[in-house]
Amino acid sequence: MTRFATRAVMAAAFVAVGFGASTPAFAGKDLDAIKSRGTLVCGVNTGLAGFSAADSQGKWTGLDVDYCRALAAAVLGDPNKVRHAPLTAQQRFTALQSGEIDVLSRNTTWTLTRDASLGMHFVGVTFYDGQGFMVPKSLNVKSAKQLKGAQVCVQSGTTTELNLTDYSRANNLQLKPIVFEKQEAATGAYFSGRCQVFTTDASGLASVRSKEAKNPADHVILPELISKEPLGPSIRRGDDEFFAIAKWTLNALLEAEEYGITAANADKMRAESKNPGVMRLLGAGTEDTGKVLGLDKEWALRAIKAVGNYGEIFERNVGENTPIGLPRGTNNLWTNGGLMYAPPVR
């Protein structure tokens, strides 16, 4: 082939990509296994109210749980085709690496080391958080800088444990970590008075205080956030098709909120909206975003109908009208001053 011909072929390829030419996706080994099994296995927290917790009937709810339900709806057509695998912080990565679970949706911080060395891909961020401290109100402590020499309950195998050490050294606080494998043990020790302080992500502090404290008003969450904790789901490396589906399911929930699409009005908007973005997202019209994912046209419609848009998920599980009572803050859409921003579904 001449140099001119080679350049012509390359130019044609770029033009095809630029104008949206696409090839249907082919299922990878993990995606094939999920479809063959007919169930998505989702690794979740052993119990963190608002994110993943089971009631007395064994029903799982929470922000992390809802993501898995949306993913199951997109892939398997049914949000109930999920098996939840409760995991401690130390168990979670091994469970994902070994194939015990398909997706890890367990308030897990996206870090360089985890992303680059544990054989996993982070799908995106479902909750922007930061590490904080909780203390008994009776101590009359107003700032983390006043905690010098304090005993701090913390869970092992977490970024929380590492951040605590860094913060203590940087501020010469000589904090004394008391480490527990399970969060329930760490919170139990704190509420029994074995530690003066409990530390974890600020959302986790609010969850623990609302669920486990005899009187939540007796405990104060200090104002400092000592870290960045972008929390999100992850999958194993090695199946690009499943990675794309997992990533774009999250993006679809965010884009649905931007368009005002809810679980209740999704069918109506699919039938009536003339907005090209809405039509594309919900599988109306001639464009088929599902084809490049190896799914049908209504993949996003099913996900949204199953759990609602991202805003609905947030408010239902951890929002200001729940016992946890978190404001949207940085977890608001970018159009409302937050960090939640989805690439266009097109």
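No side-chain heavy atom of Thr200 sits less than 4.5 Å from a side-chain heavy atom of Val208. Proximity of Trp334 to Glu258: side-chain heavy atoms (C-beta onward) are separated by under 4.5 Å at one or more points. Contact annotation: the side chain of Arg280 never approaches that of Val278 to less than 4.5 Å [non-hydrogen atoms, C-beta and beyond]. In this structure, Asp296 and Trp299 have side chains that are in contact, with non-hydrogen atoms separated by less than 4.5 Å. Residues Val152 and Leu147 are not in side-chain contact: their nearest non-hydrogen atoms beyond the backbone lie 4.5 Å or more apart. Between Gln183 and Thr158, every side-chain heavy-atom pair lies at or beyond the 4.5 Å cut-off. Side-chain atoms of Asp102 and Asp30, non-hydrogen and from C-beta on, never get closer than 4.5 Å to each other. Residues Arg114 and Phe93 have side chains in contact (heavy-atom distance under 4.5 Å, counting atoms from C-beta outward).
Between the side chains of Glu229 and Ser227, a donor-acceptor pair is found at a separation under 3.5 Å. Under the 3.5 Å distance criterion, with hydrogens and angles disregarded, a donor-acceptor pair is assigned to the side chains of Gln131 and Thr199. Side chains of Gln90 and Ser156: a donor on one and an acceptor on the other come within 3.5 Å.
Note on Lys35 versus Glu241: no salt bridge recorded, every NZ/NE/NH1/NH2 to OD/OE distance being 4.0 Å or above. The existence of a salt bridge linking Arg302 and Glu298 is excluded, since no basic side-chain nitrogen approaches an acidic carboxylate oxygen closer than 4.0 Å.
In the displayed structure, Arg346 atom CZ is contacted under 6.0 Å by at most 12 heavy atoms of other residues, nucleotides or ligands. By the neighbour-count criterion of 12 heavy atoms within 6.0 Å, atom NZ of Lys182 is sparsely surrounded, having that number or fewer from other residues, nucleotides or ligands. Residue-environment remark: CZ (Arg37) exceeds the threshold of 12 foreign heavy atoms within 6.0 Å. Atom CG of Asn321 has 12 or fewer neighbouring heavy atoms from other residues, nucleotides or ligands inside a 6.0 Å radius.
Put simply, the side chain of Asp239 gets close to the backbone of Leu31: a donor and an acceptor are under 3.5 Å apart. Distance alone, capped at 3.5 Å, is enough to place a donor-acceptor pair between the Ser98 side chain and the Thr94 backbone. Counting only distance, with no hydrogens or angles, the side chain of Ser52 and the backbone of Asn45 share a donor-acceptor pair below 3.5 Å. Without hydrogens or angle criteria, Ser168 side chain to Thr165 main chain gives no donor-acceptor distance under 3.5 Å. Of the possible polar contacts, none joining the Ser273 side chain to the Met279 backbone as a donor-acceptor pair under 3.5 Å is found. With hydrogens and angles disregarded, a donor-acceptor distance shorter than 3.5 Å links the side chain of Ser210 to the backbone of Ser207. Under a 3.5 Å cut-off, the side chain of Thr109 and the backbone N or O of Leu231 do not form any donor-acceptor pair. A donor-acceptor pair is defined here as one N or O able to donate and one able to accept, closer than 3.5 Å; such a pair exists between the side chain of Asn265 and the backbone of Gly260. Lys148 places no side-chain N or O within donor-acceptor distance of the main-chain N or O of Asn171, the cut-off being under 3.5 Å. Side-chain atoms of Gln151 never come within 3.5 Å of backbone atoms of Lys176 as a donor-acceptor pair (strictly under, hydrogens ignored).
Contact record, Leu282 with Ala266: CD1-O, 3.6 Å, taken as the closest heavy-atom pair. The minimum heavy-atom distance linking Glu100 with Val41 is given by the pair O-CG1, 3.5 Å. The minimum heavy-atom distance linking Gly277 with Tyr259 is given by the pair CA-OH, 3.3 Å. Across all non-hydrogen atoms, the minimal contact from Ala246 to Val123 is O-CG1, 3.1 Å. The two atoms that bring Val82 and Pro79 nearest to each other are CG2-O, 3.5 Å, heavy atoms only. Smallest separation of non-hydrogen atoms from Ala206 and Ile221: N-CD1, 3.8 Å.
Atom CG in Leu71 sits 10.0 Å away from atom CG in Leu250 (nearest 0.5 Å). Rounded to the nearest 0.5 angstrom, Phe51 CZ and Asn107 CG are separated by 6.5 Å. For the atom pair Ser105 OG and Arg69 CZ, the distance stands at 12.5 Å (nearest 0.5 Å). In this structure, OG1 on Thr126 lies 8.5 Å from CG on Asn331, to the nearest 0.5 angstrom. Of the inter-residue distances, the one linking Glu257 atom CD with Asn309 atom CG reads 5.0 Å to the nearest 0.5 angstrom. A distance of 6.0 Å separates OG1 in Thr108 from CZ in Arg106, rounded to the nearest 0.5 Å.
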side-chain contact (heavy atoms from CB on, under 4.5 Å) between Val75 and Leu40, intermediate numbers included: CA-CA 9 Å; Val75 174; Leu40 178 74; over 6 Å; no
The test is side-chain contact (heavy atoms from CB on, under 4.5 Å); show your working for Asp267 and Leu301 and say whether it passes. CA-CA 8 Å; Asp267 280 328; Leu301 174 66; 4.0 Å; yes
Could you give me the CA-CA distance, side-chain angles and deciding distance for Leu87 and Leu104, then say whether side-chain contact (heavy atoms from CB on, under 4.5 Å) is met? CA-CA 9 Å; Leu87 301 166; Leu104 178 64; 4.2 Å; yes
Using the rule given for side-chain hydrogen bond (donor to acceptor under 3.5 Å, both in side chains), can you reason through Thr262 versus Glu312, listing the C-alpha separation, both sets of side-chain angles and the distance that settles it, and then say yes or no? CA-CA 8 Å; Thr262 68; Glu312 290 181 279; 4.6 Å; no
Quick one: do Val318 and Ser203 satisfy side-chain contact (heavy atoms from CB on, under 4.5 Å)? Show the steps, please. CA-CA 8 Å; Val318 298; Ser203 62; over 6 Å; no
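Geometrically, Arg328 engages Phe314 in a cation-pi contact, judged by NZ or CZ lying under 6.0 Å from the ring centre and within 45° of the ring axis.
Taking hydrophobic clusters as Ile, Leu, Val, Met, Phe, Trp and Tyr residues chained together by side-chain heavy-atom distances below 4.5 Å, Leu173 shares a cluster with Val179. When hydrophobic clusters are built by joining Ile, Leu, Val, Met, Phe, Trp and Tyr residues whose side-chain heavy atoms come closer than 4.5 Å, directly or via intermediates, Leu326 is grouped together with Met340. Linking ILVMFWY residues whenever their side-chain heavy atoms come closer than 4.5 Å, directly or via other members, places Leu96 and Val125 in the same cluster. Side-chain heavy atoms closer than 4.5 Å link hydrophobic residues (I, L, V, M, F, W, Y) into clusters, and following such links, possibly through other members, connects Leu139 to Val197. Under the 4.5 Å side-chain heavy-atom criterion for ILVMFWY residues, no single connected hydrophobic cluster contains both Leu162 and Leu175.
The ring-ring contact (aromatic ring centres under 6.0 Å, His included) test applied to Tyr190 returns His219, not counting sequence neighbours. Taking Phe180 as the reference, Cys153, Ile178, Ala185, Ala186, Ala189, Arg194 meet the side-chain contact (heavy atoms from CB on, under 4.5 Å) condition, with sequence neighbours excluded.
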